[in-house]
2 protein chains.
Amino acid sequence: MPIERRPLREQIREELLSRLDRGDFAAGTDINEASLAAELGVSRTPLREALITLAGEGVLESNQGRGFRFAPVSRKEFRELCEIVAALESLALDCSDAAHLRGIAPELLRLAQEFPDRVAEQQVIERHDDEWHDLLLSGCRNERLLDLITSVKAGMRRYAHLLAGDETPLEREAAEHRRVAELLVDGDLAKASQALRDNWVNGMERMMSRIPADG
Amino acid sequence: MPIERRPLREQIREELLSRLDRGDFAAGTDINEASLAAELGVSRTPLREALITLAGEGVLESNQGRGFRFAPVSRKEFRELCEIVAALESLALDCSDAAHLRGIAPELLRLAQEFPDRVAEQQVIERHDDEWHDLLLSGCRNERLLDLITSVKAGMRRYAHLLAGDETPLEREAAEHRRVAELLVDGDLAKASQALRDNWVNGMERMMSRIPADG
DNA sequence: GTGTGATATTTTGTATGCAGAATTCATAGT
DNA sequence: ACTATGAATTCTGCATACAAAATATCACAC
């Protein structure tokens, strides 16, 4: 088996993102490079490289002389991010191979149907949701677009843990996923694309009340 | 006057991008960190930070142990980037304040009309084009989207110098800008948005022949 | 008690140092 | 001549060191 050989900065980035998913970091808090580097068991250099990458993705902010901090959350920004991802995923669907979409449509439907059945912890649900979207876009031939979507979604991870606790939205999320899948089974790409956009817009509305009001 | 105080990595990033516009770097060539740092008069640390940022924007590629290199150009990638920017700018227009758009429409028209008059060097033309698009999107209330557009366009700068030499495309570009501006003067946002998308698609087609065929 | 200014401490931003991987070059064998 | 092998070199990736900026501490005047 090929042993793992990739830059520390990437591993650090992923570790920080997964901690963000777990809600370990409060939005708006400063990062102390020395202590975080010590905690991760690495030096400040690759840590700073990871922080710079995350800042480029909008997860962090940087101020001259003041270092990095987790970007504060706001309803305005969340709305903006949802609008962007809705447009990008919709475009990705339009760029996808129609035959491939028909092929995966049943699997998408199956995944959407078993969605709310499992009473699982938050992180499992989120992973499930991500997998559904990943599979949906797996036929997109625009590689740059897929990278961009991944990057923008990283910026949304700050909002993930705010969803914890309430199950109601998930049922509607699953219903919307079913709707998209059914349209793909029918081969109606245009309507599926529209349903996907609606899914993001509705998901955004559902989240709004959970985000602290903008300052 | 406020003296300039911002991280070296940002200044380095901009310097590298402007050199890229001038065609100083051939696509696909490796970067030697030590010599480039010496040439810029900085150490490798902030240079590497800039390189990592640029890699995140798709300007550079990085391979473990092999450092950074300018990402090779390809028709496929250029098409992908144009599709993305077309969707993003179109979305930005949809997010814009209608009143503001009506306000700037005459200025956009004026700029588009004087476009091909000046027989100027390539870089002036490009700046002019960028300014037009910037003004067009100046009323967009989605700040994250504007940042994202800037970032994606940075990734397109590798293709800028390929445009040099031929003036024919510019006339058509100007005509399409006029079309967008006229539709905005009329207040027909939907059609303007569509015309903007068409502008990117057509611009893409015009560039295609100038990009080496994909390997 | 509050504000102000000098000083000490912390923390970032940048430079330098070092180990190991990748590449190059030379040499030997066929 | 061509390939293979190994030493020498170059370069990256990461760690450490240092200087300057920012922040905290404290004394003191009001």
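Quick note on labels: first sequence line is chain A, next is B, and so on, each numbered from 1. What you see is a predicted model, and the numbers here were worked out from it, not measured in a lab.
For the contact set between residues 27-39 of chain B and DNA chain D, defined by any heavy atom under 4.0 Å, the members are B:I31, B:N32, B:E33. For DNA chain D, none of the residues of residues 54-62 of chain B falls under the heavy-atom distance limit of 4.0 Å.
At a threshold of 4.0 Å, the pair A:R13-A:E10 does not count as salt-bridged, since none of the basic side-chain nitrogens sits closer than that to a carboxylate oxygen. We find that A:E143 and B:K76 are joined by a salt bridge, their nearest charged nitrogen and carboxylate oxygen being less than 4.0 Å apart.
Looking at A:L16 and A:V59, their side chains never come closer than 4.5 Å, going by heavy atoms from C-beta outward.
Regarding B:L47, its CG atom lies at a distance of 17 Å from the P atom of C:dG13, rounded to whole Å. Note: CG (B:N63) to P (C:dA22) measures 11 Å, nearest angstrom. In this structure, CG of A:L8 is placed 14 Å from C1' of C:dA21, rounded to the nearest angstrom. Taking atom CD1 of B:I12 as the reference point, atom P of C:dA15 lies 8 Å away to the nearest angstrom. One can place CG of A:L51 at 10 Å from P of C:dG13, the figure rounded to the nearest angstrom.
Residue A:R66 places none of its side-chain N or O atoms closer than 4.0 Å to OP1 or OP2 of C:dT12.
For A:D97, the salt bridge (Lys or Arg N to Asp or Glu O under 4.0 Å) partners are A:R141, not counting sequence neighbours. Remark: B:F68 engages no residue in a ring-ring contact (aromatic ring centres under 6.0 Å, His included) (not counting sequence neighbours). With sequence neighbours excluded, the residues satisfying side chain to side chain contact (heavy atoms under 4.5 Å, CB included) with B:E14 are B:R6. Taking the salt bridge (Lys or Arg N to Asp or Glu O under 4.0 Å) definition, one finds that A:E61 meets it with A:R69, sequence neighbours left out.
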Polar pairs (N or O, both sides) under 3.5 Å between protein and nucleotides 16-19 of chain C?
unit_1 : atom_1 : unit_2 : atom_2 : d
C:dT16 : O4     : B:T45  : OG1    : 3.3

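Pairs of residues two or more places apart, or lying in two chains, never qualify as ring-ring contact (aromatic ring centres under 6.0 Å, His included) while including a residue from residues 134-156 of chain A. Within the structure, every pair that satisfies the ring-ring contact (aromatic ring centres under 6.0 Å, His included) test and touches residues 76-109 of chain A, not counting sequence neighbours, is listed here: A:F78-A:Y159. Every pair tested for salt bridge (charged side-chain N to carboxylate O under 4.0 Å, His left out) that includes a residue from residues 131-140 of chain A fails, sequence neighbours excluded, so the list is empty. Evaluation of the ring-ring contact (aromatic ring centres under 6.0 Å, His included) test over residues 14-61 of chain A, restricted to residues two or more places apart or in two chains, returns A:F25-A:F70.
Formation of a donor-acceptor pair under 3.5 Å by the A:W132 side chain with backbone atoms of A:L108 is found in this model.
Chain A approaches DNA chain D over the interval D:dC14 to D:dT23, counting the first and last nucleotide 5' to 3' with an atom under 4.0 Å from its heavy atoms.
In the displayed structure, A:R197 atom CZ is contacted under 6.0 Å by more than 12 heavy atoms of other residues, nucleotides or ligands.
Mapping B:R48 and A:G65 onto DNA chain D by nearest heavy atom places B:R48 closer to the 5' end of the strand.
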